[in-house]
Amino acid sequence: MNLISSTRNTPLLEVKNFSLTFHSDRKDRQEPLTQVIRQFDITIREGEIMAVVGASGSGKSLLADAILGILPENATCKGMLHYKGEPLTEKRRKHLCGDQIMLIPQSLNALDPLMKTGKQVQTVMKGKGKKDGQRAVFRKVGLPDHVSNQYPFELSGGMARRVLIATAMVSNAHFIIADEATPGIDPHALGEMVTFIKHLAMEGKGVMFITHDIETALQVADKVAVFYAGETVEIANVEDFSGTGETLRHPYTKALWNSLPQNGFVPLEGHQPLADEKGKGCAFQPRCQRATDICLQKQPESRIVKAGMVRCFHA
Amino acid sequence: MLEVKGISFRYRKGQWLFKDLHLTVKPGEVVGLFGYSGAGKSTMAQIMAGYKEPLEGEIIVDGRTDYDSNAHPVQLVWQHPEKVINPKWRMKKLMTEATVSDPAFLTALGIKEEWLNRYPSELSGGELQRFAIARALASSTKYLIADEMTTMLDAITQAQIWHAVLKLAAQRNIGILAISHDAHLLRRISDRTIDFSGLTSCSGPFD
């Protein structure tokens with residue numbers, strides 16, 4: 001095996017049995033500890049786009065914060081979190097985040113309101129010819145030259161999103177986390193965003209694409225990790241999402257697929273449990289038609305089924 | 001009938017966002033509206049619900065324009081409930097202020113009794129949006145404008161909320177204007193769908 005293929009086999013990001021717990025000192029809380037992510041597993045390789053899909057409140061954004069090391073102080077992480085085969089320690093994060101690891105944020109407020117957009121994009125570039133590089137990337141994402149001299153408040157929402165994407169494109173980053181980077185934009189603008197993100201992967205970057213929008217996830221990603229109540233319940237291939245979801249492995253994923261307006265628009269009853277409402281069994285069990293005694297008593301381990309991962313006793 | 005009669009709007013002395021815009025929603029009807037980002041759909045929604053005054057034209061609700069002293073018969077639900085709900089109020093207080101008290105009504109919207117004691121930060125986006133909708137569907141409401149109401153929510157929560165809202169609206173003969181970029185959603189919930197750029201002689205995109 002030559003050197004290139006061996007580094008290719010080392011995943012960019014490898015997370016195993018990861019958990020995240022908040023401790024609260026509020027007196028009206030019965031439980032001082034709240035586990036918001038548990039048993040989380042994910043592997044992302046170079047050139048791969050992994051979508052992380054789940055309901056709001058499922059812990060998706062916390063996962064991004066955990067990787068970037070920007071969690072609040074009352075959070076504790078456990079489990080394995082490796083970047084390029086080595087633990088992502090506080091010290092390594094200082095070098096890597098903002099350089100090799102970049103975030104495309106959900107909020108447009110992430111742009112510096114007092115800096116012209118061209119200059120902002122240049123700050124993440126290295127070496128000579130920054131101005132030319134920045135102009136070239138603006139053309140690539142469809143921003144006219146004069147936008148370089150504008151401030152964020154002068155841009156529409158769609159243009160600001162392009163500036164954020166352009167920043168990721170010219171950066172040195174090997175691994176990019178896009179956190180809800182595409183909500184509420186019209187279909188034309190969405191199609192462009194999808195193209196730009198795919199472009200990042202074609203350059204060999206790994207992308208973690210966090211979204212609640214399964215349709216966009218399927219347009220962008222190679223694989224889809226489905227998050228429910230702080231756990232990965234399934235990692236599916238994009239092709240598995242078809243028909244009435246027969247090839248999907250987890251009952252929650254099937255329900256999600258069949259609730260889309262273009263599919264059944266079926267409203268599965270019940271709600272995702274809050275962190276302090278979870279019992280000792282499977283978190284989805286109260287809403288599951290296939291639940292049996294074992295689902296009440298034990299948390300299902302992850303298993304490989306049909307070239308994907310699932311956490312369900314009945315898959 | 002909810003009638004938008006020839007309204008025009010622009011911000012300060014800028015370009016007209018739209019001019020001479022016409023639109024009607026009948027009681028009990030669900031109208032789906034789509035259009036480019038930045039075309040002025042949300043500004044129109046705010047004018048219809050009385051948050052802004054049009055520079056020209058008027059909004060007529062069931063033949064009247066004088067509804068100032070009471071709760072507005074046209075209620076607007078926005079995309080981000082966390083931005084319109086007081087973070088320091090428990091849900092119970094929020095419901096009392098909007099004179100919503102019928103437990104059956106809350107159950108129909110999928111609101112659990114124990115959520116009433118929570119603060120907004122202790123609820124998910126989908127749970128909060130149900131409270132925002134409960135407020136908007138107070139007994140005086142005749143028309144509902146849903147401006148990207150479920151855009152931030154996962155598909156299951158979206159289906160749950162729309163099933164509940166459509167049922168309540170049908171029972172009370174409430175007219176709905178649903179604004180969304182999701183063509184599949186509009187096709188699923190609407191009696192008819194319209195393109196925003198066809199409503200007016202001048203509109204965006206100014207992207």
Side-chain angles (χ1 to χ4, degrees), chain A residues 26 28-29 34 53-60 106 142 155-162 180 182-190 211-217 226-229 252-277 287, chain B residues 32 34-39 41-42 78-82 110-112 114-115 117-119 121-130 147-167 179-190 196 204-207:
Chain A
R26 253 179 61 181
D28 57 341
R29 279 274 191 207
T34 316
V53 172
S56 67
S58 64
K60 306 185 302 286
Q106 179 171 7
L155 308 180
S156 73
M159 290 162 92
R161 290 238 168 265
R162 283 174 217 216
E180 296 280 9
T182 56
I185 55 177
D186 63 68
H188 177 72
L190 181 62
T211 183
H212 69 277
D213 176 1
I214 192 142
E215 221 193 323
T216 307
V226 183
F227 221 56
Y228 185 77
Y252 174 67
T253 320
K254 288 183 201 227
L256 197 58
W257 176 243
N258 288 316
S259 69
L260 285 174
Q262 60 270 42
N263 297 340
F265 206 42
V266 183
L268 175 73
E269 282 191 33
H271 70 284
Q272 173 177 259
L274 293 169
D276 54 4
E277 292 173 341
R287 302 172 78 181
Chain B
F34 59 92
Y36 283 107
S37 304
K41 302 187 295 297
S42 295
W78 318 59
Q79 186 172 341
H80 298 281
E82 67 280 9
I111 292 173
K112 299 215 155 215
E114 59 260 35
W115 296 351
N117 275 322
R118 295 210 169 119
Y119 288 101
S121 64
E122 295 170 332
L123 291 164
S124 74
E127 289 157 4
L128 268 186
Q129 192 63 298
R130 291 172 205 265
D147 188 3
E148 301 280 2
M149 181 169 80
T150 50
T151 302
M152 296 308 290
L153 307 177
D154 67 280
I156 292 176
T157 309
Q158 166 169 275
Q160 284 179 339
I161 286 181
W162 272 112
H163 277 275
V165 167
L166 291 176
K167 195 170 163 197
I179 303 174
S180 175
H181 289 305
D182 185 344
H184 298 296
L185 175 68
L186 292 184
R187 218 171 289 142
R188 179 64 83 164
I189 61 172
S190 312
F196 185 74
F206 305 115
D207 208 10

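Please read all numbers here as calculations on a predicted model, not as lab measurements. First the proteins, then the strands, lettered A, B, ... as listed; each starts at 1.
- Without hydrogens or angle criteria, A:His212 side chain to B:Thr151 main chain gives a donor-acceptor distance under 3.5 Å.
- The backbone N or O of A:Gly270 sits less than 3.5 Å from a side-chain atom of B:Gln160, completing a donor-acceptor pair.
- Only the backbone of A:Asn263 comes within contact range of chain B, with heavy atoms under 4.5 Å apart.
- Side-chain atoms of B:Arg188 do not come within 3.5 Å of backbone N or O of A:Leu260 as any donor-acceptor pair.
- Rounding to the nearest 0.5 angstrom, the gap separating the OG1 atom in B:Thr157 from the CD atom in A:Gln272 is 8.0 Å.
- Listed here is the closest heavy atom pair of B:Asp154 and A:Ala55: OD1-CB, 3.2 Å.
- Scanning all heavy atoms of the two residues, the minimum distance from A:Ser259 to B:Ala159 falls at O-CB, 3.9 Å.
- Residue contact with chain A, scored on non-hydrogen atoms closer than 4.5 Å, is absent for B:Leu123.
- Open room surrounds CD on A:Glu269; 12 or fewer heavy atoms of other groups in view lie less than 6.0 Å from it.
- Judged as a side-chain contact (heavy atoms from CB on, under 4.5 Å), and not counting sequence neighbours, the contacts of A:Asp213 are A:Thr211, A:Glu215, A:Thr216.
- Of the two parts of A:Val53, neither the backbone nor the side chain holds a non-hydrogen atom closer than 4.5 Å to a non-hydrogen atom of chain B.
- Side-chain atoms of B:His163 come within 3.5 Å of backbone atoms of A:Phe265 as a donor-acceptor pair (strictly under, hydrogens ignored).
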